[in-house]
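Notes for the one structure printed next.
As a basis for the values below, the full set of heavy atoms in this structure was taken, side chains included, without hydrogen atoms, waters or symmetry mates. Throughout, a chain's letter reflects where its sequence line sits, starting with A, and its residues are numbered from 1.
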Amino acid sequence: MLHREYDPKDIEQKWYDMWLKKNYFHADEDDSDKPTYSIVIPPPNVTGVLHMGHALNNTLQDIMIRYKRMDGYNALWMPGTDHAGIATQNVVEKYLAGKGVSRHDLGRDAFIDEVWRWREKHGGLIIGQLKRLGASCDWERMRFTMDEGLSRAVRKVFVSLYDEGLIYRSDYIVNWCPRCHSAISDLEVEHEEEDSFLWHIRYPLADGDGEVVVATTRPETMLGDTCVAVNPSDERYTDLVGKEVVLPIVNRRIPIVADYVVDKEFGTGAVKITPAHDLNDYEMSLRHGLEVIVIMDESGIMNENAGPYKGRDRFVCRKDLETDLEEQGYLVDRTPYRVPVGKCYRCKSVIEPYLSKQWFVRTKPLAEEAIKAVQESRTRILPKQWEKTYYEWMNNIRDWCISRQIWWGHRIPAWYCEDCGEVIVSETEPGACSSCSSANLRQETDVLDTWFSSGLWPFSTMGWPDNTKALQKFYPTAVLITGFDILFFWVARMMMMGIKFMGDVPFGDVYLHALVRDEQGQKMSKSKGNIVDPIDEMDQYGADAFRFALTAFAAMGRDVRVSDKRIQGYRFFINKIWNAGKFVLSNIEGFDPKSLSISPDKLSLADKWILTELNKTIRDTRSALDEYRYNDAADNLYQFTWHTFCDWYIELSKPMMNEENAPYTRWVLTHVYKTLLELLHPIIPFVSEEIWQNLPGRTSESIVVTQYPQVNHELDFPDDARMMECLNDVISGVRSIRGETNIAPSLVLDIVLKVKSPDMETLIGTYSVFIRELARVKGIVFIAEGAPRPRKCALAVTSEVEVYVPLEGVIDLDKEKERLDKLIAKTRKDLEAKQKKLENKGFLEKAKPEIVEEQVRLKEELDFMLERLLKAHALLEG
RNA sequence: GGGCGGGUAGCUCAGUUGGGAGAGCAUCGGCCUUACAAGCCGAGGGUCACAGGUUCAAGCCCUGUUCCGCCUACCA
């Protein structure tokens with residue numbers, strides 16, 4: 001029996017524990033009977049806590065996995081966490097700072113030990129939260145990107161790409177975060193426009209008179225200038241090319257060169273070139289063989305090359321330099337200017353383009369294959385509009401900087417020979433130099449970008465590089481479900497790596513869901529203070545209501561806005577389901593559905609109707625889930641549960657409970673409700689299980705492993721369903737009259753029905769109990785089609801029936817007139833539009849015949865209604 | 001600069017080959033009808049951003065305008 005009131009706290013933990021105990025979530029690679037369905041989880045940061053994005057993402061995955069598991073698939077959901085290099089290192093460093101210790105105090109090995117300890121202590125948090133949400137991952141397969149197995153995969157891939165020349169080490173301008181003390185990839189830089197200035201600075205010619213004025217947004221970099229460039233076709237400067245200017249303050253002589261990339265229109269048409277601190281400038285320096293001068297250290301502090309500014313922070317230097325330039329007459333102008341500023345996505349520090357030696361992946365050849373895979377539909381990207389974005393990025397892909405100057409991560413498997421300088425890249429530590437046999441080797445201290453290891457996730461988690469049974473069984477995965485924000489970071493890289501090392505795409509579908517925003521559509525962030533905590537939501541409304549809300553929000557390709565109000569609305573929905581369960585259970589005590597054999601002749605019209613509606617819901621829900629139309633699935637189920645099953649069928653079933661066919665009603669009631677719970681289970685696992693376990697006629701021990709509902713063609717009665725709709729229309733008609741003319745609900749009415757055919761009269765006669773109970777009617781009198789209409793009645797017209805409610809002594813005549821006036825006006829309007837359409841020759845000639853036919857039918861219906869309404873109105877007067 | 005998405009009821013949003021404008025919440029009126037007042041019954045409310053075009057027919061397709069949001073970019 002169910003508790004009187006639904007309380008999520010009573011049931012969620014209980015069932016999750018049971019599911020784990022029964023090992024339902026485990027997918028067996030030796031099971032050869034079932035078709036396979038697999039998903040790998042986007043691994044959350046090991047130090048992270050569950051946020052709304054995770055909640056949405058994992059709810060959507062869980063829905064697919066539970067659906068497929070119930071539907072007979074060998075369904076694997078591979079779980080795990082990501083070591084999140086920079087993020088985790090930052091967290092642990094902050095923790096240590098609280099104790100007054102820096103990572104340098106500890107040293108590399110001790111610090112890494114500290115991070116592992118941190119992970120032991122806090123790494124399980126988010127996993128527990130996923131369980132709270134109901135995630136049905138195969139937990140015994142839990143992986144971590146720093147596990148020995150996955151680390152082996154990383155080394156193998158690195159060495160293999162290096163041997164092929166697809167990984168190389170080179171000096172290049174990278175995005176340097178002076179706070180993280182590391183290079184980061186292009187993707188990890190966030191661009192923002194900020195108010196700043198454009199400085200115009202005078203560079204005097206070295207010999208004789210004259211000067212060149214350059215414009216810059218970063219004046220401090222002039223300390224590292226090694227030339228001034230102009231466009232070769234710029235006549236203003238033709239004579240100056242080849243001459244030298246003197247760099248103010250530092251008094252270095254630098255040449256004026258001509259280069260085609262210089263924009264004549266911008267500023268003065270002359271640009272200062274700082275090869276060590278700007279990508280364009282660096283590339284230009286290669287073309288012209290220029291000197292390269294690094295003027296800052298790794299913390300963004302000016303170094304000895306900055307002369308008098310040595311030791312000052314880069315922004316302090318900018319200010320001081322400006323003052324000095326002005327005092328010495330070099331500053332020509334300073335105008336307000338919007339500049340794009342790159343910031344570290346982790347710590348928001350301003351990124352410094354910085355010349356350093358880094359490791360890169362040559363991505364072009366990998367990207368080509370990844371593009372082809374999507375073009376050939378071996379992988380589908382959904383919603384489709386993201387395909388273009390994917391192509392765009394892949395086509396313009398730049399080499400990927402994979403080295404990070406931090407400690408927490410996969411250490412790059414490269415060693416340098418201290419004697420001969422040879423670089424040895426190897427999966428295992430080499431004993432001696434491959435070139436000179438020296439044992440004097442030093443390992444690379446850099447670690448790899450975290451995304452390098454996540455890029456291998458779909459196969460490294462399954463045991464690669466060993467050719468495991470899991471790989472054979474579950475690779476490629478069916479779908480990757482993730483947020484669009486990591487399409488490049490992660491999805492693109494998995495595509496490249498999967499194709500390269502497995503020879504096959506990592507997933508058949510990529511479903512990209514939207515980002516979760518707050519009610520105002522703002523991105524959630526700690527600084528804005530608009531974070532909605534999923535755990536709070538679950539505490540307040542229960543995991544099921546929360547999941548259902550997320551599912552209903554997840555319209556394809558749209559932002560997801562969380563609204564407390566809506567989540568609460570779905571909490572009420574769960575409550576509705578619960579109460580319906582109480583109703584069902586209280587009416588089937590001692591009833592055994594298996595004792596009955598169901599045949600159509602035993603079923604009432606209402607039974608046939610609800611069974612037909614159920615089939616439709618099964619069809620719609622399945623196709624919605626198959627196509628990742630989550631909100632459609634949720635909406636369909638919501639509509640059917642509340643407004644079809646509860647509002648109508650349960651009410652219809654009440655009077656049937658006392659009839660002789662009551663057992664069949666009980667059967668249908670139980671069957672429909674049980675099926676409904678099964679349809680809902682992937683979305684609301686806990687409450688569906690709780691109620692389902694109380695129902696009779698179960699054939700498995702848990703809803704988790706019961707067959708997902710299939711359309712039952714033997715219990716499909718579309719014609720009967722239409723008849724039932726007619727009856728419902730009569731009920732609605734009476735209710736509408738009641739509502740609008742202020743008839744007291746306690747007043748039981750007599751009505752007169754005028755029907756089109758004797759068949760209809762028989763049908764209504766047979767099921768008049770429905771009308772009597774649901775519309776609160778006592779006497780029903782039928783009159784024939786040709787008979788005179790009763791006077792002084794309110795009228796409701798349906799497509800098949802005219803419903804007369806005698807007014808005298810019952811209702812307000814004027815109210816009814818008003819009501820009819822409104823109806824007449826509306827019907828007239830509809831009719832006019834319809835008529836116009838049907839008088840249009842073009843329509844009759846060109847529209848599809850079935851469309852025309854339909855329009856004619858609708859027009860006739862409107863004609864019929866209007867005529868009745870007008871007559872009723874006239875009769876009111878009499 | 002390039003690309004993408006959006007502007008539909010007071011609010012938040014659905015609307016799948018072009019063919020009767022929808023939901024939830026809010027609002028108004030009436031109900032303790034024995035599963036549920038976290039509920040039931042009834043009702044009101046929209047020139048589908050704007051302007052053109054294609055079509056017999058446009059919220060939906062095309063063009064332009066405008067306003068928002070996001071992604072991307074080496075114009076100092």
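Taking side-chain N and O atoms only, A:K565 has no distance below 4.0 Å to OP1 or OP2 of B:C25. Remark: A:Y337 is in phosphate contact with B:A76, judged by side-chain N or O atoms under 4.0 Å from OP1 or OP2. Close to B:G39, at under 4.0 Å from its OP1 or OP2, lies no side-chain N or O of A:H643. Distances shorter than 4.0 Å separate none of the side-chain N or O atoms of A:K846 from OP1 or OP2 on B:G19. The phosphate of B:C40 (OP1 or OP2) has a side-chain N or O of A:W642 nearer than 4.0 angstrom.
Look at CZ on A:F583: it is 15 Å from C1' on B:G39, rounded to the nearest Å.
The base of B:A38 sits within donor-acceptor range of the side chain of A:N575, with an N or O pair under 3.5 Å. Between the side chain of A:N280 and the base of B:C74, at least one donor-acceptor pair of N or O atoms lies under 3.5 Å. Side-chain atoms of A:K576 and base atoms of B:C36 include a donor and an acceptor less than 3.5 Å apart.
Residue A:K817 holds its NZ atom at 11.5 Å from CD1 of A:I824, rounded to the nearest 0.5 Å.
In summary, A:E818 and A:K815 do not engage in a salt bridge, as defined by a charged side-chain N under 4.0 Å from a carboxylate O. Between A:E352 and A:R218 there is a salt bridge, since at least one side-chain N of the basic residue sits less than 4.0 Å from a carboxylate O of the acidic one.
A cation-pi arrangement, defined by a distance under 6.0 Å to the six-membered ring centre and an angle within 45 degrees of its axis, is present between A:R334 and A:F197.
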